[in-house]
Structure formats: structure tokens, C-alpha cells
2 protein chains.
Amino acid sequence: MAIAKKVGRPKKFDRDTALMSAVNVFWLKGFEGASMADLTEAMGVNPPSLYAEFGDKLNLYRLAIDRYASNDACSPLVAFESEPDIEKAVRAFMNEVVIYSTKHESGAKGCFLSSSVATSAGAIEGVQELLKKAIESTDKRLAKRFDSAKADGSLAKDFPSLERARLMFDLRQGLVFRARASCSAKSLKADLDQRVTMILRDT
Amino acid sequence: MAIAKKVGRPKKFDRDTALMSAVNVFWLKGFEGASMADLTEAMGVNPPSLYAEFGDKLNLYRLAIDRYASNDACSPLVAFESEPDIEKAVRAFMNEVVIYSTKHESGAKGCFLSSSVATSAGAIEGVQELLKKAIESTDKRLAKRFDSAKADGSLAKDFPSLERARLMFDLRQGLVFRARASCSAKSLKADLDQRVTMILRDT
DNA sequence: ATATTTATTTATCAAACGCTACAAAATAGT
DNA sequence: ACTATTTTGTAGCGTTTGATAAATAAATAT
């Protein structure tokens, strides 16, 4: 029933595509830095349609954060989860982080949450909570992969999954911050080997 | 000759104090999120005086970034540099990062550069460069302390100072990001011991 | 065909924004 | 005391901003 025909003039835009365009604008310019004119243009949605579909600017922002944070297809996470060998998986994750934060198709550097949304956590209602949830959820998602590796014997039974998940995620923030400051992908990969070892080292 | 009396009505504000107040406002609200009304009020400087002293909003922002980035008194760095024992120094650094990013007197969470300036690096001329310089300078400042420890024999001669400096700084970004999302200081200290070990481990 | 529904388009609105003119006030030099 | 110099305080300038009213267009239902 997803494509059930409705009465009335059809929408000219796809909701999810438009929302992702909004993410890109907010990512590049921040909440206050992104004007409604920027958004309507990038999304291909006129102001009245935008307000009817997404509510006001703040609500659109929250929806954009939610859309981005709950993206199962986040490439570093997918790389980490889909590679069977745990060492290669960790390496693939870090590698994808570098690619993602330096060469995103939208042109925006870094990560939407850590390079852009973080700012608004200081002043905009509800953003802190969204960020916190996203962090906890990512920690858990990373830890789950370590748990799988423990289950199949690739990692020791006492491997501290959650601690190393947090470590991996924190290292990621460092890379992403450097990427936002336009450090080169090459420089970000300098310490990759050592960090993979570090993340997987026995206790 | 610093306090040489000048002709004309004296200024009502101290330049550096006002600049630090501007840092706090930008830290909390971001560049576009901070209005000139917010700034003039927090700084205790009327608009005409502000423009005469600091130029326009963008110039004030650049000055604020520079003031913050070149602060020799940054408490985590000072803690790291002043503690003679290298292990205690690393621990003190991480500990101060947690305190600094969760309990700053201004009420702002995180770090001005990584939680706030990073956003504007996407759209505001010159900010990327300022950020990159601040990162490189901090990497080097941290590495210097490791070099001292190598010189006095506390660390092995082949200890990779710069690599571990980058590691320490990247881990810091992770903590700071969590702090901005209002994670508790206690939760940020959970992995402190393991991370100190990690940073100092022999190659 | 006509009515009903929904979305689009265009043109704006009031409010907030960054910024500045202007006159009063406070200092030092003579 | 008077002049020159500099900063302050107030008020308001022209834009830009987030958001909307009204008319038009495109679909389905009967």
C-alpha cells in the first residue's frame, strides 16, 4: 500500500530525498547558518510545501538529525559489520571513516552529527538528547560486532566489547574533526595500523 | 608603557575580558546562532564600541578563535606539562579534559573549537585554516612533553611521540563530543585507566 | 462534467538581524 | 577655561530571515 494513489495534486518531491538534501545543507552550514531559502532550493520544495510536510525549521532540523542518525546504511558501520574477519573489519571501519569524512558526495566534510549538530546542542531544545541517543546507539552497534567475534572465537572471551566500541567511536571523532579542518585523507590514515592493533589488543 | 594614559574618553571594557566573553557566547550558540545583541550584552560593550574595537562580526569571530586557540593556559595542556611523572601527566590530561568539557564555568559544554567552530569550518572563510593550525600546534605541544619524557628516560627512546600525541588528541575529541551531548563526567571517566595504558604502551 | 481534495506558485509579511549616524560624555593637553 | 580627542549611549538604518495568504494547477471521486 506504499504507492496508494491519493486524491489531490501529487507532490513534486520525494519526502526522504528532500530530507536527505536538508541534511546536507544543515551539515554544511549548521542550523542557523542554513536559511530557508538555502533549504527550499536544495530540497526542491517551495516554502509552503516545506512547512506543510516538515513543520517549521526546527522541526525539519530534528527530522534531519533523526533521519541521519538512524541510517542503517552508514558506510563505516556497514563496512565494519559486513567484513567477516574482525581485524579487517576494524581496518575497514577506520578506512571508511576517513573516506566518508573527507570525500562525501555532498561536499561537506566531517560528520553531520559531530561536525555540525554538536554546535546546536548548546542552544537548541532537544538536540542534546538526540545526540546522546545516537552516541549510545552507535556504541552498542559497534559492540555487537565485537560480541559476534567473541562468539565465533575470533576474539578472546574476556574481550571488553563495549569499552573497545567506545574507543573506536572516540577515535573516529578525532579523525572526523581533523577532516572538518580539511586535513588530507592521507594524513588521517597515517596511524591506522597502530590503531587497529590498539583496538583489538588482548587485555 | 602598557598603561599609558591616552587622550579621550577611556574605554569602559577590557579588551581581553570582552574577547573571552565573546568566546563563551560563540561557544554556546555558534557563529550564526550568536546575535550581535547576545554579544554586546555578554561583553558589556555597545555596538559602536564593539565595531570600533573588533571590526565586524566575522572578524570578532576570528579574533575569538585565535584568542582561544593560542591560550597557553588551557587547563588540560597545563596539567599534562606540569606533572613530572609521565603516566600521571597523561592521566591528568584526560581527567582535565573531562572536567573542562563538562563543567566549564561559562556553562558551555565540550570545547569551543571542536564543538562549535567546527561547524563554521564548512561555510565561513578562513575558519578551516585556523582550525588546522590549532590542531597541528596542539599535536606538537603534546608531542613535546613525550619528547621530554624520552630525554629523561621515563619513556623508551623509540617511543613515537607524535603518533601518541595525535592519539591522545583524537581520544580527547571523542570525550569532548560526548560531553557536548551532555554525557556525565563519570561516564567519560569509565575507560580512563585503559586509555592511559594505551597511550604509553611500548611499541 | 463537475466537485472535491491536495499541492504548487507567487508575492509578500512582520520580526530580527548586522551594522552605523549622531550627539552627549569623559578624558588629556594647552 | 577652552579645545581636541576618543568612547559611549541611543536610536534607527536597510537587509535578510522565518513563515504565510491567496490564487492557480493537477489529481481522484461521483
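In what follows, every heavy atom counts, from backbone to side chain, and hydrogens, waters and symmetry copies are set aside. Lettering follows sequence order; numbering is per chain, from 1.
Ring geometry for Phe80(A) versus Phe146(A): interplanar angle over 60°, hence perpendicular rather than tilted (30 to 60°).
What separates CG of Leu39(A) from P of dA19(D) is a distance of 11 Å, to the nearest Å. Rounded to an integer number of Å, the gap from Tyr61(B) OH to dC17(C) P is 17 Å. Note: CD (Glu53(A)) to P (dA19(D)) measures 16 Å, nearest angstrom. Whole-Å rounding puts the Leu50(B) CG to dC19(C) P distance at 10 Å. The CD-P distance, from Glu41(A) to dT10(C), rounds to 14 Å in whole Å. When rounded to the nearest whole Å, the span between CG of Leu60(B) and C1' of dC17(C) equals 16 Å. Computed from coordinates, the Asp56(A) CG to dA15(C) P distance equals 18 Å when rounded to whole Å.
In this structure, Lys57(A) contributes its side chain and Ala34(A) its backbone to a donor-acceptor pair below 3.5 Å.
Using a 4.5 Å heavy-atom cutoff, the side chains of Leu171(B) and Leu167(A) are in contact. Side-chain contact between Asp202(A) and Leu155(A): absent, with no pair of heavy atoms (C-beta onward) separated by less than 4.5 Å. Side chains of Arg172(B) and Cys111(B) form a contact here, defined as non-hydrogen atoms less than 4.5 Å apart. Residues Val117(B) and Tyr61(B) meet the side-chain proximity criterion, which asks for heavy atoms closer than 4.5 Å.
Arg141(A) has a carboxylate O that lies under 4.0 Å from a charged side-chain N of Glu81(A), or vice versa, which qualifies the two as a salt bridge. Using a cutoff of 4.0 Å between basic side-chain nitrogens and carboxylate oxygens, Arg91(B) and Glu87(B) are scored as salt-bridged.
Heavy-atom distances under 4.0 Å link DNA chain D to no residue of residues 122-130 of chain A. For DNA chain C, the residues of residues 21-36 of chain B within the heavy-atom distance limit of 4.0 Å (strictly under) are Ala34(B), Ser35(B), Met36(B), sorted by number.
Taking side-chain N and O atoms only, Lys11(B) has a distance below 4.0 Å to OP1 or OP2 of dT7(D). Between dT8(D) and Asn46(B), no contact under 4.0 Å exists linking OP1 or OP2 to a side-chain N or O. In terms of phosphate contacts, Lys57(B) brings a side-chain nitrogen or oxygen within less than 4.0 Å of OP1 or OP2 of dG18(C).
Applying ring pair (Phe, Tyr, Trp, His ring centres under 6.0 Å) to Phe112(B) and the options Phe31(B), Tyr100(B), Tyr68(B) leaves one that passes, Tyr68(B).
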Nucleotides 20-30 of chain D: protein proximity per nucleotide (B base, S sugar-phosphate only, - neither; heavy atom, under 4.0 Å): BB---BBBSS-

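Atom CG of Asp158(A) has more than 12 heavy atoms from other residues, nucleotides or ligands within 6.0 Å.
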Output, in order, the C-alpha distance, side-chain angles, deciding distance and verdict of side chain to side chain donor-acceptor pair (under 3.5 Å) for Ser35(B) and Asp38(B). CA-CA 5 Å; Ser35(B) 69; Asp38(B) 292 332; 3.1 Å; yes

